[in-house]
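Working notes, structure below.
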Amino acid sequence: EAFQKALAEGRSYGEAQALSRAAEAQPLTKALAPGIEWADEEFTAMTRAIEEFDFGRGLRPDFTRQRARGSFLKLVSHEPLQENEILTLERIYGKDFSDAIRKMSVKEEVTGHRVWRLAQDIWLLPKALRSAYDVSNPLRQSIMLAPSHPKEWLSGLKPMFQAFAKEKYAQAAYRGLLSDPEELRVVLEKGTRSVSFGKIIEDTEMLLDPRLTMAAADPKYIGRLAERIPGVRMSNRAFVTFTNEVRGKSFKIIVKALAKGHPEAITPEYLQGLANYLQRAGGIGTLPRGAATTVLRLVEWSPFYRVSSAQAFATVLNVKQPYVAKQAARDMALFLGTGTALLAAAKYTGVADVEVNPLSTDFGKMKIGNTHINIWGTGQVTARAMARAITGAMKTEGGDIVGLKRQETIGRYFQSGFGPEISILYDAWRGQNYAGYEVAPNMATFKREILERTLPLSMLDVYDAMKEY
């Protein structure tokens, strides 16, 4: 290994880590800062603990150990650590150590960074309020996997509600998936290796850690203040647990089935590709790191969910990983077929009205009285926007086909995904909200908008049902 070789040559711990990263084509993003002074015996003891800790045999040599080394070097260099890096060090040094790091991070945080973080927390409070007491993941983010993995989908319901009630159940479900001892033969560049499913799941990073504060790609964007709101942390735990259960168990079933007929296909690349696909099919897409994504997180309700369905469908075209593409094609066909059959049954039995015109706002929805049910998630919004942009027209509630400028279609598409923080400003500027109601400086507008933008979505559905009936 490049790291051990560099140490044997007399290189420092930091230099050895940098050379090891370079050998793996993963160079450090910047040079290590001078950092704090450690006594030689303290530094040696800390680094020895990393080198001697048993992380298990994974898909890639010392993957988790590399992450631990990098996290430790950031710590001694006074670089800020992300929560997942602190949790990596916690595995080695214990919870008291990680708690001390968090306290030190808060104490040493630059004033400007602290103000910026607090501003983000306050800005995102309305979104957090609307997410409280929410257990909609099974019928929203994870619905795409339900037709093809019904057993795994159903089995995730019980742990989800348990996690919603108490944090210990979320932790137990998470640890249960990571400690799965059943082994799989994985084809490497040089021979094969038996790796436990728990270690594979850890190395592919497919699970969300319930100890983090947000059940999405980056925890810090829900805001630390939000966790103090009753119901928010409960919702996060429920989301994380159901997502992990469906994703982890579906992953295992798919891989075991492929291994029976095509053991040569079980490579680290295939396993990572499948994990990435299941993440997107489970309602969490991927976006590049950078300022643009940061802005999207602050402006949009859930940009990762917004792009997830399109990315999941696009996996069907992944020619570099045909087994992953085949699985995606199977899942998407079952999802579309089941959804279409459900809509047809509802329409022809008279249970609900179904709109089939893609130019209509209600395209693909079931309408029962004044209640509109969308079983397609964000895919419905994307398909409708594409149809309107291509034709330059839309269907009104009255059934008329009218012209619609393409720039207006694009604007309405992004408007439909705005978070409550930005949508109130945008609606006030336009003079009407997305549903077409007037937004004016009067008491009627205030009463309507305060409920729409602060009441949790779960409670708002109950409120709307009470008004209707």
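Nearest heavy-atom pair, S309 versus G379, reported as atom, atom and distance to 0.1 Å: OG-N, 3.5 Å. Between Q272 and T204, the shortest heavy-atom distance links the atoms NE2-O, 3.2 Å. Closest approach of A132 and S235 over heavy atoms only: C-OG, 3.4 Å. S155 approaches P159 most closely through the heavy-atom pair O-CD, 3.1 Å. For A170 against P210, the heavy-atom pair with the smallest separation is O-CG, 3.9 Å. Scanning all heavy atoms of the two residues, the minimum distance from Q279 to G285 falls at NE2-O, 3.7 Å.
Considering CG of L334 and NE2 of H149, their distance stands at 8.5 Å, rounded to 0.5 Å. Note that OG of S250 is 6.0 Å distant from CG of L145, once rounded to the nearest 0.5 Å. Rounding to the nearest 0.5 Å places CE of M386 at 12.5 Å from OG1 of T409. Rounded to the nearest 0.5 angstrom, R237 CZ and Q171 CD are separated by 9.5 Å. With rounding to the nearest 0.5 Å, the separation of CD1 in I86 from NZ in K74 is 9.5 Å. A distance of 9.0 Å separates CD1 of I101 from OH of Y93, quoted to the nearest 0.5 Å.
At distances below 3.5 Å, not a single donor-acceptor pair connects side-chain atoms of Q141 with backbone N or O atoms of G282. With hydrogens and angles ignored, the 3.5 Å screen pairs no side-chain donor or acceptor of R193 with any backbone N or O of L188. No donor-acceptor distance shorter than 3.5 angstrom exists from the side chain of T241 to the backbone of A238, with no hydrogens or angles considered. R65 contributes a side-chain N or O that, together with a main-chain N or O of I50, makes up a donor-acceptor pair within less than 3.5 Å. At distances below 3.5 Å, not a single donor-acceptor pair connects side-chain atoms of W153 with backbone N or O atoms of V246. A donor-acceptor pair is defined here as one N or O able to donate and one able to accept, closer than 3.5 Å; such a pair exists between the side chain of Q321 and the backbone of E269.
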Item to check | Derivation and outcome, side chain to side chain contact (heavy atoms under 4.5 Å, CB included), residues K249 and K151 | outcome: CA-CA 9 Å; K249 292 179 179 179; K151 183 178 178 180; over 6 Å; no

Next on the checklist: Does F97 form a side chain to side chain contact (heavy atoms under 4.5 Å, CB included) with E90? I'd like the steps, not just the answer.
Outcome noted: CA-CA 7 Å; F97 182 83; E90 182 180 300; over 6 Å; no

Checklist entry - Does the side chain to side chain contact (heavy atoms under 4.5 Å, CB included) test come out yes or no for L87 and R91, once each step is laid out? => result CA-CA 7 Å; L87 292 174; R91 292 181 61 181; over 6 Å; no

Next on the checklist: Test salt bridge (charged side-chain N to carboxylate O under 4.0 Å, His left out) on E205 and R67; report intermediate values, then the result.
Outcome noted: CA-CA 12 Å; E205 298 182 309; R67 186 166 54 191; 2.5 Å; yes

Checklist entry - Could you walk me through whether F363 and W376 pass the side chain to side chain contact (heavy atoms under 4.5 Å, CB included) check? => result CA-CA 10 Å; F363 168 59; W376 305 108; over 6 Å; no

Item to check | Audit row: K347, D353, salt bridge (charged side-chain N to carboxylate O under 4.0 Å, His left out) steps and yes/no | outcome: CA-CA 6 Å; K347 180 178 179 65; D353 293 327; over 6 Å; no

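With sequence neighbours excluded, no residue forms a side chain to side chain donor-acceptor pair (under 3.5 Å) with N244.
By the 4.5 Å heavy-atom criterion applied to side chains, K365 and I373 are not counted as neighbours. Contact check for Y348 versus L343: no side-chain heavy atoms found under the 4.5 Å cut-off. Looking at heavy atoms from C-beta onward, V240 lies out of side-chain contact with Y174 at the 4.5 angstrom threshold. Looking at heavy atoms from C-beta onward, L274 lies in side-chain contact with F251 at the 4.5 angstrom threshold. Here the side chains of R247 and E152 are not in contact, with every heavy-atom distance at 4.5 Å or above. No side-chain heavy atom of F242 sits less than 4.5 Å from a side-chain heavy atom of F161. Residues I375 and Q380 fail the side-chain proximity criterion, which asks for heavy atoms closer than 4.5 Å. Within the 4.5 Å cutoff, no side-chain heavy atoms of L342 are placed close to those of T340.
For the residue pair T243/N137, the side-chain donor-acceptor check at 3.5 Å is satisfied. Side-chain polar atoms of S148 and D331 form a donor-acceptor pair below 3.5 angstrom. With hydrogens and angles left out, the side-chain atoms of Y277 and N318 include no donor and acceptor closer than 3.5 Å. At a cut-off of 3.5 Å, with distance as the only test, a side-chain donor of T361 or R388 sits close to an acceptor on the other residue. Side-chain contact annotation: K199 with T64, donor-acceptor N/O pair under 3.5 Å present. R185 and S194 are linked by a side-chain donor-acceptor pair at a separation below 3.5 angstrom, with hydrogens and angles left out of the test. Side-chain N/O atoms of D362 and S360 include no donor and acceptor closer than 3.5 Å. Looking only at atom types and distance, the side chain of R280 has no donor-acceptor partner in the side chain of S308 under 3.5 Å away.
Y413 carries R306 over the face of its six-membered ring, with the cationic atom under 6.0 Å from the centre and within 45° of the normal.
Between Y270 and Y323, the two ring planes are perpendicular [angle over 60°; tilted spans 30° to 60°].
Remark: F53 CZ is packed, more than 12 non-hydrogen atoms of other residues, nucleotides or ligands lying under 6.0 Å away.
A side-chain hydrogen bond (donor to acceptor under 3.5 Å, both in side chains) with E355 is found for exactly one of K395, H372, K367, namely K395.
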